[in-house]
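Single-structure report; data block below.
The structure displayed is predicted, hence computed values, not measured ones. Naming: A, B, ... by sequence-line order, numbering from 1 per chain.
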Amino acid sequence: MADWPLRGDGQRFEHHGLDLSTSSGIDLTAGTTKGSWVELIDPTLFDAQFVLVQLGPQGTAGRRHLVDIAVGASGSEQIIIPNLFWDAYDVRQAYHYIFYISIPAGSRIAGRAQLNTSSAIMRVSTLLGSQGFLPSSPLSVVKDYGTDLSNTEGTTVDPGATSNTVGAYVELVDVTERAISQLVLGIGQRSNASLTGAYWLVDFAVGASGSEQIIIPRFRLHAEPSADVIAPLTIGPFPVSIPAASRLAMRAQCSTNNSIDRLFDVIAYGVS
Amino acid sequence: MSWYAVIEDATNRLVSVGTVIASPLPAGLVAELLPSKPSGNVMWDETTRAFIARPPKVLVDRLQDLLANSDFADVWRNLNAARRTKIRNALIWLLGRARWRNQTESSVIDPEV
């Protein structure tokens, strides 16, 4: 895995986008289309090869969000991480996304968001990290797959009508734009406000319909009924080697066959 | 972009949904053209070998659970309509989203294990 650091020495971390008066992140005000950019930090203090984006908690319950992270001067922001999924059925749900991408020192980082209905305030922050001596070659591009921008949601995965039996693959994308070295997943519960207790086994695959090849087998999700949330909400990064122009797909099996409670949705983030 | 359902021909089991179909398909699988990309509001039906509307979720009202509690029912029976309405409104305010539960969920909110 040449893109991963050989050594973990001399690492440095700094957190940006914090509001010390609330011990939380910076507020982003969002509507049903992407809102204005809000500055998280200007400038960054060191060359970073790692970013942790923390979304929530705080916001309005029952809202789904898509968050862009960009670098660049005000008015010329360039998106580096698109459409981070935050399905905040419960405002306590916090999504933490990790990406090993390069952000040069002196950068301005900003965020903006959209949500599925009306408007709300949500919180976001970014924690940057640098590698020590002999850093590996950093990745630089994040691309989202499976995003439904018009409905502010991911691609629905249906485990099917027979419990504990694997369901059909659903396509996230027919052709990836680039080769993918790392994969991160954001999981949503389709605004299901009253989940039954359930467990899932989920496969991530590449390949054409009918000849999918599983590359990440049977990672687990679970739902606890009293909290009505699926966990975990973010998974990865997985080290992968997916060629450009690949079809990405997922399937699952679930312990419940309830036609609503067995569903979840997902957005995959390919890092190149 | 055309969407297809890849189906196990002998059982009508849905194997995959997508726009890129393996050529040739493995033995026993067939691809059927779909009118559009299936949304989360439909689900596969093996009997009809088609996508059908997903039935809505049935939720249980915890106010009904409360009326099934004998102690509460004893008090409730002795209230006039106006007082019942006031108590009902107060309970709706207090319960919030917890008013509606899944059919398999406990009547008790966050029960002790």
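In this structure, the separation between OG1 on A:Thr156 and CE on B:Met43 is 14.0 Å, given to the nearest 0.5 Å. Between the CG atom of A:Asp174 and the CE atom of B:Met1 there is a distance of 4.0 Å, given to the nearest 0.5 Å.
A:Arg251 does not touch chain B: none of its heavy atoms, backbone or side chain, sits under 4.5 Å away. Only the side chain of B:Leu59 comes within contact range of chain A, judged by heavy atoms closer than 4.5 Å. Using a 4.5 Å cut-off between heavy atoms, B:Ile21 contacts chain A through both its backbone and its side chain. Residue contact with chain A, scored on non-hydrogen atoms closer than 4.5 Å, involves the backbone and the side chain of B:Val17 alike. Neither the backbone nor the side chain of A:Glu153 comes within contact range of chain B; no heavy atom of the residue lies under 4.5 Å from a heavy atom of that chain.
A:Arg220 CZ: 12 or fewer foreign heavy atoms inside a 6.0 Å radius. More than 12 heavy atoms of other residues, nucleotides or ligands shown are found within 6.0 angstrom of CZ on B:Arg84. Summarising the local packing, CZ of A:Arg178 is surrounded by 12 or fewer heavy atoms from other residues, nucleotides or ligands at distances under 6.0 Å. In the displayed structure, B:Phe72 atom CZ is contacted under 6.0 Å by more than 12 heavy atoms of other residues, nucleotides or ligands.
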**Study point:** Chi angles and distances behind the side-chain hydrogen bond (donor to acceptor under 3.5 Å, both in side chains) call for A:Glu171, B:Thr19
**Key:** CA-CA 8 Å; A:Glu171 181 174 292; B:Thr19 61; 2.7 Å; yes
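Most heavy-atom pairs under 4.5 Å with chain B: of the set A:Leu263, A:Asn151, A:Thr155, this distinction falls to A:Leu263. Counting heavy-atom pairs under 4.5 Å between each of A:Asp261, A:Thr256, A:Val175, A:Asp265 and chain B puts A:Asp261 at the top. With chain B as partner, the option from A:Ala208, A:Ser259, A:Ala168, A:Ser209 having the largest number of non-hydrogen pairs under 4.5 angstrom is A:Ser209.
In terms of heavy-atom proximity, A:Arg247 sits nearest to B:Gly18 at NH2-CA, 3.8 Å. Of all heavy-atom pairs between B:Glu105 and A:Leu195, the closest is OE1-O, 4.4 Å. The minimum heavy-atom distance between A:Asp158 and B:Arg54, with the atom names listed, is OD2-NH2, 2.8 Å.
With 3.5 Å as the limit, one finds a donor-acceptor pair spanning the side chains of B:Lys57 and A:Asn192.
At distances below 3.5 Å, at least one donor-acceptor pair connects side-chain atoms of B:Asn102 with backbone N or O atoms of A:Ser194.
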